[in-house]
Amino acid sequence: MSKRIVFSILVSTLLGACALDSMLVAAQQVNGGSPSAATPPAGSISPSRPEPVPAVASLQPGSDSAAAQDELEPESAVKPDPGLSEEVVAAPPPLPPCPADDGGMQSRVAAQICQQVRAEPPPTRIAVQNRELRKLDALIPFYGQRNYQAAWLDRRGRPTAAAAELLGALDEAGQDGLRASDYGRDGLKKLETALQQGGATDARTLAEFDLLFTDAYLSYGSHLLSGRFEPRKLDPEWAIKPRSRDLARALSDALSGGDGKIAESLRDLAPKSKGYTQLREVLQRYRKVEQAGGWPTVGAMLGAGAQGPQVRNLRARLQASGDLTEADASKNPVYDKAVSDAVRRFQKRHGLGETGTVNGATLTALNVPLAQRIRQVELNLERWRWLPDEFGSRYILVNIPNFKMNVIEDGKPVMEAKVVVGREERQTPTFTANMAYLVMSPKWYVPRSIAVKDKLPQLKRNPQALARQNIRIYNSAGQQINPSSVNWKAVGKDNFNYQLRQDAGPRNALGGIKFMFPNPYNVYLHDTPTRGLFSQNQRTFSSGCIRLSNPVELAEYLLKHDPKWNRQTIKAAATSGKQRVVNLPQQVPVYLLYWTAWVDESGQANFRGDIYNRDKSMVRALYQDSAAPRSKGA
């Protein structure tokens, strides 16, 4: 049976991930196993910088007899994804002509609305009373479908109960980390009050009132549905398609549904996931603490047996955040077991070493201002609004700032592992894809960027340096060469025409197993020989891929319904030195997310440091018109 391995050399820059940990490998295999049956995509991927298609060279048959025994990865699974094509949006139906003015108030208002929204070509900007309407994509078809009739006025030109209901709904925007002022709530209230008192009778003013209320509903609804900004504008690495809904239809249904339907329809647009609703509750709780005066500053590192005013401050601080539940904690000046236990709870919630003493890192986290924590919760509520409605009944979740992987089944975590993620200059991207197969005893195809930056200097010092790492060198024809036959001192970035491949084994950079969920970033989960890094609290050490602390357990879970596989057979395959591809019977969605605040399964609010400074960019965009506390690590 003949097999041909085709190498593709990745060029230029990193997409934030394992473009630096693995090279794209296309393979052709005769009579090979087919990939696992595809499931619906876990989410949409839209790479910001697609990889160029590089030149291809082939290893000569027989140049590596060991490779001839390996099973090859599916060709379709490792091709660069050109990215999703732009969604084809159907052209909106033509708008009806403006209604005739029959002399009545309703027709005059409708005519004024029509003059504002109906034009050829369709308007891209409409300003009403010095306020620019923001949701023309939904507002124009909404009025076209109702023949330009006012939505928030009765026959006499007075605001309906729906208008008052919208104002009440806008008052609740803060509960979701949004701001009523973004929708002109105070100005709308003034207009509504004036009209209720008979302050305007001309059709133009009434039409402007209606347009402003409609735009407020659509803008608020859009923000509840999919966030205030398009995710990629705030987080360039975000590649998950947000939720979508026909907002014009939602408003039409709410207006025709009777009392209470405006507020209900808006609540229905917000995420329903437990993670969102719990984080929303944290926001309300922290705001109550803020209204009560906030939490005190702790002025010194403390430990068991300490006494005095600083211990009182510590007790009050821990009580304010719910870590200490004594009735009147601030009166007791002693650092006792209750305080030690509360400090451990606090440390666990903040990803710190659970020592029970207030060391430097714990002191820093205790003294993060409450306003900053509130802002952190608001930012992560925004991230939740960027996510799909459902993750699936079973999925793998990696929260990058938490350095943890969880397997979720039927809404409950069934497995957890520590992970190592990308360094700040080689960040792990945020996206979702479906895990399709595992590779046991994988070989590592060293990317050109790593080969030139890291490996070439080693070859210049000692041509046999890579041999000790079990890395083979191939020329541009795909033939293995003796590294001593090359004058490496004369080789540089521009004339490095070699391919490097590390054999499977205990020193292989990918360890014994890699878990493949094909994606444009060439990111995957994998084992690692560098186990000591998992003992550190902050684990940003990789080139973008995700190193896993318990790969055998994850493989065992994924293959538990296949009688051929158990812990022993997995360990044997992972250490055999022969590459083996194992297709999953059912693909599993994988989510790589970036949450710096969330609620865990026990209902505790967790906070983590902004390891990639992504919170900072969100603060600048979301709160550019207000003073924002500087984001710091937790």
Side-chain angles (χ1 to χ4, degrees), residues 88-167 170 183-185 187-222 225 244-258 261-262 265-266:
V88 178
V89 180
L95 294 173
C98 291
D101 184 352
D102 62 7
M105 177 63 73
Q106 285 181 301
S107 65
R108 295 204 308 272
V109 172
Q112 286 291 329
I113 292 174
C114 184
Q115 290 177 23
Q116 291 273 13
V117 304
R118 191 181 190 281
E120 287 298 338
T124 58
R125 182 180 181 276
I126 298 176
V128 174
Q129 296 185 7
N130 297 318
R131 185 175 182 89
E132 189 165 333
L133 305 184
R134 292 180 292 183
K135 291 300 296 178
L136 297 184
D137 58 330
L139 182 145
I140 292 174
F142 168 75
Y143 280 109
Q145 291 162 10
R146 59 189 294 115
N147 201 30
Y148 312 106
Q149 295 298 307
W152 308 93
L153 298 166
D154 62 18
R155 293 177 179 273
R156 299 177 303 156
R158 298 292 176 87
T160 63
E165 191 180 341
L166 175 59
L167 292 173
L170 293 177
Y183 316 107
R185 192 270 174 202
L188 294 176
K189 177 60 179 175
K190 290 179 181 178
L191 289 174
E192 192 254 1
T193 300
L195 290 185
Q196 289 289 12
Q197 296 173 351
T201 56
D202 62 291
R204 182 177 179 83
T205 299
L206 295 174
E208 290 176 344
F209 169 91
D210 210 80
L211 288 166
L212 288 169
F213 267 71
T214 296
D215 190 63
Y217 176 97
L218 296 173
S219 297
Y220 183 34
S222 174
L225 178 67
S244 63
R245 203 79 58 84
D246 185 341
L247 292 175
R249 173 54 55 193
L251 175 54
S252 294
D253 291 345
L255 288 168
S256 62
K261 292 300 182 181
I262 293 294
S265 68
L266 287 167

(message) With a 4.0 Å cut-off on N to O distance, would you call Asp202 and Arg204 a salt bridge?
(response) no
(message) Please enumerate all residues that pass side chain to side chain contact (heavy atoms under 4.5 Å, CB included) together with Pro141, with sequence neighbours excluded.
(response) Gln145
(request) Work out which heavy atom in Ala150 is nearest to a heavy atom in Arg146; give both atom names and the distance. (result) O-NH2, 3.0 Å
(request) Please report the closest heavy-atom contact between Pro159 and Ala163, naming both atoms and the distance. (result) CB-CB, 4.2 Å
(message) Tyr143: which residues meet the ring-ring contact (aromatic ring centres under 6.0 Å, His included) condition with it, sequence neighbours left out?
(response) none
(message) As an exercise, state the distance from CG of Leu166 to OG1 of Thr160, rounded to the nearest 0.5 Å.
(response) 9.5 Å
(request) Working to the nearest 0.5 Å, report the span between CD of Gln106 and CG of Asp154. (result) 8.5 Å
(message) I'd like to check Ile113 versus Leu211 (side-chain heavy atoms, cut-off strictly below 4.5 Å). Are they in contact?
(response) yes
(request) Could you tell me the separation between the CG atom of Leu195 and the CH2 atom of Trp152, rounded to the nearest 0.5 Å? (result) 14.0 Å
(message) Let me confirm one number: the CD1-CD1 distance from Ile140 to Ile126, rounded to the nearest 0.5 Å.
(response) 5.0 Å
(request) Output all residues satisfying side chain to side chain contact (heavy atoms under 4.5 Å, CB included) with Arg131, sequence neighbours left out; order by chain, then residue number. (result) Arg134, Leu212
(request) Look up atom CD in Gln116 and atom CG in Asp210, then write down how far apart they are to the nearest 0.5 Å. (result) 11.5 Å
(message) What's the separation between atom CG in Leu266 and atom OH in Tyr220, rounded to the nearest 0.5 Å?
(response) 6.5 Å
(message) Quick check against the 3.5 Å criterion: does Asn147 have a side-chain atom that pairs as donor or acceptor with the backbone of Gln149?
(response) no
(message) Which heavy atom of Ala138 sits nearest to which heavy atom of Leu247, and what is that distance?
(response) CB-CB, 4.4 Å
(message) Just to verify, what does Tyr148 make a ring-ring contact (aromatic ring centres under 6.0 Å, His included) with, not counting sequence neighbours?
(response) none
(message) I'd like to know if the side chain of Glu165 reaches the main chain of Ile262, judged simply by a donor and an acceptor atom lying under 3.5 Å from each other, with no hydrogens or angles considered.
(response) yes
(message) Can you confirm whether Leu218 sits close enough to Asp137 that some side-chain heavy atom of one is under 4.5 Å from a side-chain heavy atom of the other?
(response) no
(message) List the residues meeting side chain to side chain donor-acceptor pair (under 3.5 Å) with Arg185, not counting sequence neighbours, and say none if there are none.
(response) Asp171
(message) Looking at every non-hydrogen atom in both residues, tell me the closest pair between Ser107 and Ala100 and how far apart they are.
(response) CB-O, 3.7 Å
(message) If the condition is side chain to side chain contact (heavy atoms under 4.5 Å, CB included), which residues does Pro122 pass it with, not counting sequence neighbours?
(response) Glu120
(message) Which residue in the set Leu139, Leu251, Leu170 passes side-chain contact (heavy atoms from CB on, under 4.5 Å) when paired with Tyr217?
(response) Leu251
(message) Could you tell me if the side chain of Gln196 sits less than 4.5 Å from the side chain of Glu192, heavy atoms only?
(response) yes
(message) Are Phe213 and Phe209, when compared by the centres of their aromatic rings, separated by less than 6.0 Å?
(response) yes
(message) Under a 3.5 Å distance rule, please check whether Ser219 uses its side chain to pair with a backbone N or O of Tyr183 as donor and acceptor.
(response) no
(message) Is there a side-chain contact between Met105 and Leu153 in this structure, where contact means two heavy atoms from C-beta onward sitting under 4.5 Å apart?
(response) no
(message) Main chain of Pro96, side chain of Arg118: is a donor-acceptor contact present, judged purely on distance under 3.5 Å?
(response) yes
(message) So Ser265 and Asp253, do their side chains get closer than 4.5 Å, heavy atoms only?
(response) no
